Each structure stands twice: as structure tokens, then as C-alpha cells.
Amino acid sequence: QVELVESGGGLVQAGGSLRLSCAASGRTFSRYAMGWFRQAPGKEREFVAAITRSGGSTYYADSVKGRFTISRDYAKNTYLQMNSLKPEDTAVYYCAAKISYNNYDLPTSWDGMNYWGKGTLVTVSS
């Protein structure tokens, strides 16, 4: 069982930066590939970024490529560094974990994840 808790959301002006954190419980964090997703008001939830269980590979949605960076550490934390924020980045951001049996798995589907956090709100003002 894995519990995920996001933090770091808030209000920021366009062009600013935020760093989201996702703290995981449990003893098998290294077995999970991790992903970030977001849901803007009135819109479908969408994939943002993913990282393999080893941290060696990452993958991004086109809308955030070059601005956002996903990373993880050995202390059970996953991060999303968000730079050059735009008003359209306003959303609730969720982290999620997927059981992974290799170092190539980069999950992009919300329904394919095994555990989900409750989200943290990011608001970007223009």
C-alpha cells in the first residue's frame, strides 16, 4: 500500500515558478514509476509528466515540455519543478504511482496508475 501526499501548490504570477512535491509512504517506493497529472476547471484530467522507477528516464506532455521537470529522490519524494508558468497551467495537480517491473515504464494514463494523491491547487494569474 502506498499513500501519496502532494504539497507546494499556491498562487503565482505568470512567468513565475513553483515546485510541487509528492511524499510517498510505504517501503517499496523504488518499485513504482511515478507520474504527475492535472485537471483544470471544467476540463478533463490530463497527463503532465512521468519518470521511471529508477529515475533514469522522463517523459512530458507537449504543453509543458521545456518548462517543467520531474524528478525523484531515494527518500520517497517525487518533484515537479514548474517554470515559466502560464495562466493555462492553472489546475489541481496530482501525483500517482504505478507498480513497475522494469526501468522503461513511463506511465501516461491516469487509469493505469495504482495509487493517487488528493491533489494540490496551482493558480497562475495573468
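Quantities reported herein were computed from a predicted structural model and do not represent experimental measurements. For the single chain, residues carry numbers from 1 onward in sequence order.
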Which atom names give the shortest non-hydrogen contact between Val92 and Gly119, and what distance separates them?
CG1-CA, 3.8 Å
Report yes or no: do Met113 and Tyr101 belong to one cluster of Ile/Leu/Val/Met/Phe/Trp/Tyr joined by side chain heavy-atom distances under 4.5 Å?
no
So do Tyr79 and Ile70 actually touch side chain to side chain, heavy atoms under 4.5 Å?
no
Summary of disulfide bond (SG atoms under 2.5 Å apart) pairs that have at least one residue in residues 24-56, sequence neighbours excluded
none
Work out which heavy atom in Ala24 is nearest to a heavy atom in Leu4; give both atom names and the distance.
CB-CD2, 3.6 Å
For Tyr115, all residues meeting ring-ring contact (aromatic ring centres under 6.0 Å, His included), sequence neighbours excluded
Tyr32
I'd like to check the salt bridge (Lys or Arg N to Asp or Glu O under 4.0 Å) partners of Asp62; sequence neighbours left out, ordered by chain and number.
Lys65
Any pair with a residue in residues 49-84 that passes disulfide bond (SG atoms under 2.5 Å apart), sequence neighbours left out, goes on the list, sorted by first then second residue, please.
none
Could you grab the distance from atom CD1 of Ile51 to atom OG of Ser57, nearest 0.5 Å is fine?
8.5 Å
Straight-line distance of Asn103 CG to Thr52 OG1, nearest 0.5 Å:
6.0 Å
Once salt bridge (charged side-chain N to carboxylate O under 4.0 Å, His left out) is applied, what residue pairs with a partner in residues 2-19 remain, sequence neighbours excluded?
none
Decide if the gap between the ring center of Tyr60 and the ring center of Phe47 is smaller than 6.0 angstrom.
no
Taking the side chain as every heavy atom from C-beta outward, state whether Arg31 and Ser100 have any pair of such atoms under 4.5 Å apart.
no
Please list, chain by chain and in numerical order, all residues satisfying side chain to side chain donor-acceptor pair (under 3.5 Å) with Ser17, sequence neighbours excluded.
Asn83
Point-to-point distance, once rounded to the nearest 0.5 Å, from CG of Leu80 to SG of Cys95:
10.0 Å
Under a single-linkage definition using a 4.5 Å side-chain heavy-atom cutoff for Ile, Leu, Val, Met, Phe, Trp and Tyr, are Phe68 and Leu11 assigned to the same hydrophobic cluster?
no
Taken in chain and number order and not counting sequence neighbours, the residues that satisfy ring-ring contact (aromatic ring centres under 6.0 Å, His included) with Tyr104 are none
Can you list the residues that meet the ring-ring contact (aromatic ring centres under 6.0 Å, His included) rule with Tyr94, with sequence neighbours excluded?
Trp110
Quick one: list whatever passes side chain to side chain donor-acceptor pair (under 3.5 Å) with Asp89, sequence neighbours left out.
Arg38, Arg67
Same cluster or not: are Val48 and Met82 linked, directly or through other Ile, Leu, Val, Met, Phe, Trp or Tyr residues, by side-chain heavy atoms under 4.5 angstrom apart?
yes
With a 4.5 Å limit on heavy-atom distance, are the side chains of Val2 and Phe29 in contact?
no
Using the salt bridge (charged side-chain N to carboxylate O under 4.0 Å, His left out) rule, collect all pairs that involve residues 69-87, keeping only residues at least two apart or in two chains.
none
With salt bridge (charged side-chain N to carboxylate O under 4.0 Å, His left out) as the rule and sequence neighbours excluded, what pairs involving residues 96-109 come up?
Lys98-Asp105
Separation between OG1 of Thr58 and CE of Met34, rounded to the nearest 0.5 Å:
14.5 Å
Can you tell me how far the CG atom of Leu85 sits from the CG atom of Leu18, to the nearest 0.5 Å?
5.5 Å
Mind listing the closest non-hydrogen atom pair of Ala96 and Phe37 along with its distance?
CB-CE1, 4.0 Å
For residues 117-126, which residue pairs pass the side chain to side chain donor-acceptor pair (under 3.5 Å) check, not counting sequence neighbours?
none
Check Thr90 against Val124 and note the closest heavy-atom contact, atom names and distance.
OG1-N, 2.9 Å
In short, Lys43 meets Gln39 closest at the heavy-atom pair O-NE2, 3.1 Å
